[in-house]
Amino acid sequence: MDERIEGEVKEKTPLNFLERIIEDDLANNRVPGNTIVTRFPPEPNGYLHIGHIKSICLNFGLAQAYQGRCHLRLDDTNPEKEDVEYIESIKRDIRWLGFDWGPYEYHASDYYQQLYEIAVRLIKEGKAFVDSLSAEEMKEYRGTLTEVGKNSPYRDRSIEENLALFEEMRQGRHPEGSLVLRAKIDMSSPNINLRDPVLYRIKFASHPRTGDTWCIYPMYDFTHPISDAIEGITHSICTLEFEDHRPAYDWATSIDGIEHAPHQYEFARLNINYLVMSKRRLLNLVKLGIVDGWDDPRMPTISGIRRRGYSPESMKDFVSRIGVAKVESVVDYSLLEFCVREDLNKRAERLMVVLDPIKLVIDNYPEDTVEYFEAVNNPEDPQSAVHQIPFTRELYIEREDFMEIPPKGYHRLYPGNEIRLKYAYYVTATSLVKDDAGNVVEVHCTYDPLSRGGSTPDNRKVKGTSHWVSATQGVNIEARLYDKLFATEYPGESTGNYLDDLNPESLQVIKDAKAEPEILRAKVGDYLQFIRNGYFCVDCKDSTTDHPVFNRTVTLKDSWAKLKQKMGI
RNA sequence: UGGGAUGUAGUGUAAUGGUAACACUGCAGAUUCUGGUUCUGCCUUUGGGGGUUCGAAUCCCUCCAUCCCAGCCA
């Protein structure tokens, strides 16, 4: 990588600690073939969520940045929890983010035979033994955080006996839980992961890929490092909770016969305020039917946010902004919103839609006329196309855009006030119609024919502009509006419940949460809709594209809401 | 109370012995055919205490705080 050394084009973007390690390894010729090899190793026991995006971007991104490669490895060593549905969803989600593992798709289960042979070798070398202790007994023998453990009484079985028993385990001649294969390391180690860790356990579950070929399955601490070694991984990047496992990792990669010894590095996983981000809880939401499925737009899963209409670019931008470090941190939800908003602002096509309609009648506008106005699809995009919007005597405007008695500072429509109907005309409210309960049901106004197109010859200004939809030409749509992603609670509406478990009580909390979608019916003019304080998005599950014209709600910088509070509306 | 890690504005992340900075948030103001967008400005930071040094966020000592580990899960 000489270019990098010579290149004084030195980007100002600072390196994160992993990039520093890699550059240092490269500079000191510690990387075989000078090729960086990383891997993204999800267990196919659920759908990928936002937190995984960080890991994906890190592993694939690092490989990309240093012209190396990144393997996709499905860490499928626990058939009881894993499923092909998850495997497929994982691949789809990674591709959606724009990453490609090329031919490097692996499964930990590909290595079952090799792993088995290594285990047999360990037994022959006296470095592993078959233990007959029950799970409970093993726990007792393991000791505690502060007390050392003691050797299993079966630790000194002869090599022949171990070999025979392990073979019998493999043949399925022993019930689950009766025997395990353990490494002989050190029961007095202060690191519990080194107290003779279990290497193999018996499970008669059918594996998604290997079916019933095996009834003994290798454990993570044995499988992962060896899989990394087999694949020639140079930098094995995982989350902080595996720090304590690094000695076990190094133990496994130093087994005789394993030539390549990769290194494990840990970084802090992504946490976002208020977001539910554990697979267990997400699975619970799905199982209990609280959401439609893993791709429900309220889910913080990759498939969920895709259905919401978030773009992969915005997610990658988000990840690049949060950085990488070893400090356990909690990122503000507002940063996620910022990234999505910024991205959608550039790409989302605007359409006018009235969510909470109130009728506006233009008394001096001809009854049967339909006039068309041209609107830009996306004002932020110079190349944006336009579309035509029908304008008629009777319209709908947003209920919040009219007030009979306006507070100070309100500059939308109120009796006597003139505002602009976006793209169309200036109108002045003249009178209103109320129902028996005193609610305003209709607002009457007059328009200024000279203001056609949204401006007047005398150049007079209006302070307010409102979106609208033709009451007679508009289209009715039904959409589900979503606010934030599924969360335990939101700022300012603390429930004090962090959803430790999805018990009936916390279910109530979920239902109270803002994330619950509301069904709405809106009058829409000629496919349109509009965005006031950000983006309004509807579920785009049935849409033909990932980025439907308007897709759900990212919520927004709601300064109008704050102003309303100040004005006391 | 064993071991492993981590402490920089409200939140993240830089600065790797040489003027503490960037983004988000928040607060002001300007612009605006939507109170959005855009633009401008402002606020607030090295966990505490010692030490080394001309000079410490950075090195040393110590204290404190937080997180992880006792699955036949990953």
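First the proteins, then the strands, lettered A, B, ... as listed; each starts at 1.
OP1 and OP2 of rG3(B) both lie 4.0 Å or more from every side-chain N or O belonging to T146(A). Between R142(A) and rG71(B) there is a side-chain polar atom (N or O) within less than 4.0 angstrom of OP1 or OP2. Under 4.0 angstrom from either OP1 or OP2 of rC73(B) there lies no side-chain N or O belonging to K279(A). Regarding contacts with the backbone of rC73(B), a side-chain N or O of R201(A) is found under 4.0 angstrom from either OP1 or OP2. For K562(A) and rG26(B), the shortest distance from a side-chain N or O to OP1 or OP2 is below 4.0 Å.
If you measure from atom CG of L58(A) to atom C1' of rU13(B), you get 14 Å, rounded to the nearest angstrom. Across the protein-nucleic acid pair, N271(A) atom CG and rC68(B) atom P stand 10 Å apart, rounded to whole Å. When the P atom of rC24(B) is taken as reference, atom CD of E337(A) falls 14 Å away, rounded to whole Å. What separates CH2 of W560(A) from P of rU37(B) is a distance of 15 Å, to the nearest Å. The distance from atom CG of L413(A) to atom C1' of rG35(B) is 16 Å, rounded to the nearest whole Å. For the pair I419(A) CD1 and rU32(B) P, the interatomic distance rounds to 18 Å; values are reported in whole Å. Straight-line distance from the CG atom of D244(A) to the P atom of rA70(B): 9 Å, rounded to whole Å. Residue D221(A) contributes atom CG, which lies 9 Å from atom C1' of rA74(B) at whole-angstrom precision.
Between the base of rG36(B) and the side chain of N345(A) there is no donor-acceptor pair shorter than 3.5 Å. Between the side chain of E380(A) and the base of rG36(B) there is at least one donor-acceptor pair of N/O atoms closer than 3.5 Å. Remark: the R412(A) side chain and the rG35(B) base include a donor-acceptor N/O pair separated by less than 3.5 Å.
Using atom C1' as the reference point in both rC67(B) and rG29(B), the two lie 43 Å apart (nearest Å). Annotation: rA20(B) and rU13(B) have their C1' atoms spaced 13 Å apart (nearest Å). When the P atom is used for both rA74(B) and rU11(B), the distance is 36 Å, rounded to whole Å. The P atoms of rG71(B) and rG17(B) are separated by 43 Å, rounded to the nearest whole Å. Separation of the C1' atoms belonging to rG41(B) and rU6(B) is 36 Å when rounded to the nearest angstrom. As rounded to the nearest Å, rA57(B) and rC24(B) have C1' atoms that lie 22 Å from one another. For the P atoms, the distance from rC27(B) to rU37(B) is 13 Å, rounded to whole Å. Rounded to a whole angstrom, the distance from the C1' atom of rG3(B) to that of rA21(B) is 36 Å.
Among the atoms of the strands shown, only primed sugar atoms or phosphate atoms (P, OP1, OP2) are found under 4.0 Å from some heavy atom of S329(A). A325(A) comes within 4.0 angstrom of the backbone, heavy atoms only, and of no base. Contact annotation for H224(A): no contact, since no heavy-atom pair falls under 4.0 Å across all strands. Residue Y217(A) is out of contact with every strand shown, counting any heavy-atom pair closer than 4.0 Å. Within the 4.0 angstrom heavy-atom criterion, only backbone atoms of the sugar-phosphate kind lie near V330(A); the bases stay farther away. Here D75(A) lies in heavy-atom contact (under 4.0 Å) with sugar-phosphate atoms only. K461(A) comes within 4.0 angstrom of no nucleic acid atom, judged by non-hydrogen atoms across all strands. Looking at heavy-atom distances under 4.0 Å, V180(A) makes contact with a base. L240(A) comes within contact range of no nucleotide atom at all, as no heavy-atom separation falls under 4.0 Å. If you check every strand for non-hydrogen atoms under 4.0 Å, R420(A) touches a base. Nucleic acid contact class of M219(A) (heavy atoms, under 4.0 Å, all strands): sugar-phosphate only. Within 4.0 Å (heavy atoms only), V148(A) reaches no atom of the nucleic acid at all. Among the heavy atoms of the strands, none lies under 4.0 Å from L270(A). Within 4.0 Å of G177(A), counting heavy atoms only, lies at least one base atom of the nucleic acid.
Across rA23(B), rU6(B), rG10(B), the shortest atom-to-atom separation from the side chain of R321(A) is found for rA23(B). Closest approach to the E43(A) side chain among rC73(B), rA70(B), rU11(B) is made by rC73(B) (side chain taken as heavy atoms from C-beta onward). Minimum atom distance to the side chain of K139(A) is reached by rG71(B), of the listed rG71(B), rA14(B), rC72(B). Distances from the side chain of H411(A) to the nucleotides rA5(B), rC73(B), rG35(B) place rG35(B) closest. Listed candidates were rG7(B), rG3(B), rG71(B). Nearest to the side chain of P190(A) is rG3(B). The E328(A) side chain lies nearest to rC67(B) when the options are rC24(B), rC67(B), rA74(B). Among the nucleotides rG35(B), rA70(B), rC24(B), the one closest to any side-chain atom of S334(A) is rC24(B).
Taking the six-membered ring where the residue is Trp, the centroids of F242(A) and Y249(A) are separated by 6.0 Å or more. For Y217(A) and Y112(A), the ring centers are positioned less than 6.0 Å apart. Outside the 6.0 Å centre-distance limit, the rings of Y111(A) and F222(A) are not counted as a close aromatic pair.
Between R412(A) and E398(A) there is no salt bridge, since no side-chain N of the basic residue sits under 4.0 Å from a carboxylate O of the acidic one. With respect to K81(A) and E43(A), no salt bridge is recorded, no charged nitrogen being found less than 4.0 Å from a carboxylate O.
Across the strands present, rC72(B) finds no partner; the criterion is a Watson-Crick or G-U wobble pair with both atom distances under 3.5 angstrom. The pairing partner recorded for rU38(B) is rA30(B), the criterion being a Watson-Crick or G-U wobble arrangement whose two distances lie under 3.5 angstrom. Under the Watson-Crick or G-U wobble criterion, with both distances below 3.5 Å, rU11(B) is paired with rA23(B). The nucleotide rA65(B) finds its pairing partner in rU6(B), both defining distances of the Watson-Crick or G-U wobble pair being shorter than 3.5 Å.
rG71(B) adopts a syn glycosidic conformation, its chi angle falling within 90° of 0.
Mapping R246(A) and G323(A) onto RNA chain B by nearest heavy atom places R246(A) at the nucleotide closer to the 5' end. Nearest-nucleotide positions on RNA chain B place D332(A) closer to the 5' end than the other of D332(A) and N16(A).
Remark: the backbone N or O of R155(A) is paired with a side-chain donor or acceptor of K184(A) at under 3.5 angstrom. Using a distance-only test at 3.5 Å, with no hydrogens or angles considered, no donor-acceptor pair links the side chain of N59(A) to the main chain of F40(A). Using modelled atom types, one side-chain atom of H49(A) and one backbone atom of G51(A) make a donor-acceptor pair closer than 3.5 Å. Remark: side-chain polar atoms of Y333(A) are paired, donor with acceptor, to backbone N or O of L485(A) under 3.5 angstrom.
Contact annotation: the side chain of L413(A) approaches that of L360(A) to within less than 4.5 Å [non-hydrogen atoms, C-beta and beyond].
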